[in-house]
Colleague: 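Just dropping this structure here.
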Amino acid sequence: MKKLNFVFAVIFIVLGALVAAAPYSFAHVCELGEKIMKCHWTARVELFLGFSIAVFGLLKFLSSDANFQLGLNFGILINALGVLLTPTVLIGVCGMKKMHCHAVTKPTLIVFAILILVSALAQSLSIWKKR
């Protein structure tokens with residue numbers, strides 16, 4: 001069980017860091033010009049959510065208690081939903097489909113959110129079966 005907690009902790013740290021870094025690096029949002037676009041605000045929210053997921057991943061190293069792990073997974077699930085909903089429903093990205101944020105950033109964040117959701121659900125189910 002401890003080995004599995006370690007593996008999931010590393011997964012959440014890495015995926016959280018990728019969510020935080022993506023809008024500012026390899027899946028960058030539009031450059032700031034005269035007008036601040038919606039994707040700029042999406043990037044800021046994703047920075048916070050990714051950092052939060054990574055911190056939850058770090059907290060997973062503190063205890064192997066099942067209730068503690070389930071509580072952290074709940075926090076990770078809520079943040080992963082935020083990662084998914086921010087570029088799609090809550091804030092969005094630029095309206096033009098040819099923009100980089102629409103073509104690259106949004107799908108990248110959706111994939112990361114799904115990976116985080118699946119990982120958190122998989123670990124939660126594993127913990128429930130062991131209890």
Side-chain angles (χ1 to χ4, degrees):
M1 185 74 167
K2 288 184 181 185
K3 188 175 184 178
L4 191 61
N5 287 341
F6 178 81
V7 169
F8 279 106
V10 171
I11 288 171
F12 294 128
I13 292 168
V14 169
L15 288 174
L18 286 171
V19 166
Y24 295 101
S25 58
F26 60 91
H28 63 85
V29 295
C30 302
E31 298 291 325
L32 283 177
E34 295 176 16
K35 180 181 173 188
I36 296 177
M37 303 217 200
K38 291 191 319 184
C39 59
H40 168 76
W41 301 113
T42 295
R44 286 193 171 192
V45 171
E46 297 293 352
L47 176 67
F48 171 78
L49 291 171
F51 180 73
S52 179
I53 291 168
V55 168
F56 280 130
L58 285 171
L59 289 173
K60 286 184 153 298
F61 288 121
L62 293 179
S63 173
S64 61
D65 179 56
N67 291 329
F68 184 73
Q69 294 292 322
L70 286 172
L72 289 174
N73 282 349
F74 181 73
I76 290 170
L77 284 169
I78 296 300
N79 281 302
L81 284 174
V83 171
L84 180 65
L85 293 175
T86 299
T88 56
V89 176
L90 297 176
I91 297 175
V93 293
C94 299
M96 297 180 286
K97 294 192 187 258
K98 65 180 180 177
M99 300 295 283
H100 189 267
C101 61
H102 190 79
V104 178
T105 308
K106 183 178 175 181
T108 301
L109 292 172
I110 290 170
V111 168
F112 287 154
I114 291 170
L115 289 173
I116 295 167
L117 286 167
V118 168
S119 298
L121 288 172
Q123 187 188 23
S124 295
L125 289 174
S126 171
I127 291 170
W128 276 102
K129 284 184 180 180
K130 301 250 188 227
R131 291 175 80 196

Colleague: Would a single hydrophobic cluster contain both Y24 and M37, if residues Ile, Leu, Val, Met, Phe, Trp and Tyr are joined by side-chain heavy-atom contacts under 4.5 Å?
Modeller: no
Colleague: May I ask you to decide if A21's main-chain N or O and S25's side chain share a donor-acceptor pair within less than 3.5 Å?
Modeller: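 Indeed, once roles are kept as given, a pair shorter than 3.5 Å links the two residues.
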Colleague: Assess the residue pair I13 and F56 against the criterion (side chain to side chain contact (heavy atoms under 4.5 Å, CB included)); give the C-alpha distance rounded to whole Å, side-chain angles, the decisive distance to 0.1 Å, and a yes or no.
Modeller: CA-CA 8 Å; I13 292 168; F56 280 130; over 6 Å; no
Colleague: Measure across G82 and L49 and return the closest heavy-atom pair with its distance rounded to 0.1 Å.
Modeller: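 In this case the closest contact between G82 and L49 is C-CD1, 3.4 Å.
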Colleague: Between atom SG of C30 and atom CD1 of I36, what is the distance when rounded to the nearest 0.5 Å?
Modeller: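 If we round to the nearest 0.5 Å, C30:SG and I36:CD1 are 12.5 Å apart.
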Colleague: Rounded to the nearest 0.5 Å, how far does CZ of F112 lie from CG of L18?
Modeller: 4.5 Å
Colleague: Got a second to check how far L15's CG is from I116's CD1, nearest 0.5 Å?
Modeller: 5.0 Å
Colleague: Which heavy atom of S126 sits nearest to which heavy atom of L4, and what is that distance?
Modeller: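 Closest approach of S126 to L4, heavy atoms only: OG-CD2, 3.2 Å.
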Colleague: Hey, is the main chain of P87 close enough, under 3.5 Å, to the side chain of T42 for a donor-acceptor pair?
Modeller: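 Judged by distance alone, no pair lies under 3.5 Å.
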Colleague: What do you reckon, is CZ of F74 surrounded by more than 12 foreign heavy atoms closer than 6.0 Å?
Modeller: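 Counting neighbours around CZ of F74, 12 or fewer heavy atoms of other residues, nucleotides or ligands fall under 6.0 Å, so no.
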Colleague: Run the side-chain hydrogen bond (donor to acceptor under 3.5 Å, both in side chains) test on S124 and N73 for me, step by step, so that the C-alpha distance in whole Å, both residues' side-chain angles and the decisive distance to 0.1 Å come before the verdict.
Modeller: CA-CA 7 Å; S124 295; N73 282 349; 3.1 Å; yes
Colleague: Is any side-chain heavy atom of T88 closer than 4.5 Å to a side-chain heavy atom of V93?
Modeller: no
Colleague: To the nearest 0.5 Å, what is the distance between NE2 (H102) and NZ (K38)?
Modeller: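 H102 NE2 to K38 NZ: 10.0 Å, rounded to 0.5 Å.
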Colleague: Any sub-3.5 Å donor-acceptor pair from T105's side-chain atoms to A27's backbone N or O?
Modeller: yes
Colleague: Under the side chain to side chain contact (heavy atoms under 4.5 Å, CB included) criterion, do L72 and F68 qualify, and how do the steps go?
Modeller: CA-CA 6 Å; L72 289 174; F68 184 73; 3.4 Å; yes
Colleague: Restricting to side chain to side chain contact (heavy atoms under 4.5 Å, CB included), what partner residues turn up for H28, sequence neighbours left out?
Modeller: H100
Colleague: So which heavy atom on V104 is nearest to which on P107, and how close?
Modeller: O-CD, 3.3 Å
Colleague: Please say yes or no: joined through hydrophobic side-chain contacts below 4.5 Å, possibly via intermediate residues, are V29 and L109 part of one cluster?
Modeller: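 Per the 4.5 Å side-chain linkage, V29 and L109 are not co-clustered.
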Colleague: For V10, enumerate each residue passing the side chain to side chain contact (heavy atoms under 4.5 Å, CB included) test, keeping only those at least two apart in sequence or located in another chain.
Modeller: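 For V10 the side chain to side chain contact (heavy atoms under 4.5 Å, CB included) partners, ignoring immediate neighbours, are F6, V14, F61.
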Colleague: Taking all heavy atoms of V83 and all of A113, pick out the closest pair and write down the distance.
Modeller: CG1-CB, 3.7 Å
Colleague: Work out which heavy atom in F12 is nearest to a heavy atom in G57; give both atom names and the distance.
Modeller: CB-CA, 4.0 Å
Colleague: With ILVMFWY side chains joined below 4.5 Å, transitively, what does I114's cluster contain besides itself?
Modeller: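 The other cluster members (ILVMFWY side chains, heavy atoms under 4.5 Å, direct or chained) are L77, L81, L84, I110, L117, V118, L121.
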Colleague: Using every non-hydrogen atom in the two residues, find where C94 and C39 come nearest and quote the distance to one decimal.
Modeller: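 Heavy atoms of C94 and C39 come nearest at SG-SG, 3.5 Å.
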Colleague: Would you say that V45 contacts I91 through its side chain, given a criterion of any heavy-atom pair below 4.5 Å between the two side chains?
Modeller: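 Result yes, sub-4.5 Å side-chain heavy-atom pair found.
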Colleague: Please check if the side chain of Q123 supplies one atom and the backbone of N5 the other of a donor-acceptor pair under 3.5 Å.
Modeller: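 Not a single qualifying donor-acceptor pair exists.
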Colleague: With no hydrogens and no angle check, is any side-chain donor or acceptor of E46 less than 3.5 Å from a backbone partner on W41?
Modeller: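 Judged by distance alone, no pair lies under 3.5 Å.
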Colleague: What is the distance from atom NZ of K106 to atom OG1 of T86, rounded to the nearest 0.5 Å?
Modeller: 12.0 Å
Colleague: Should the heavy atoms of other residues, nucleotides or ligands under 6.0 Å from CZ of F26 be counted, would the total exceed 12?
Modeller: yes
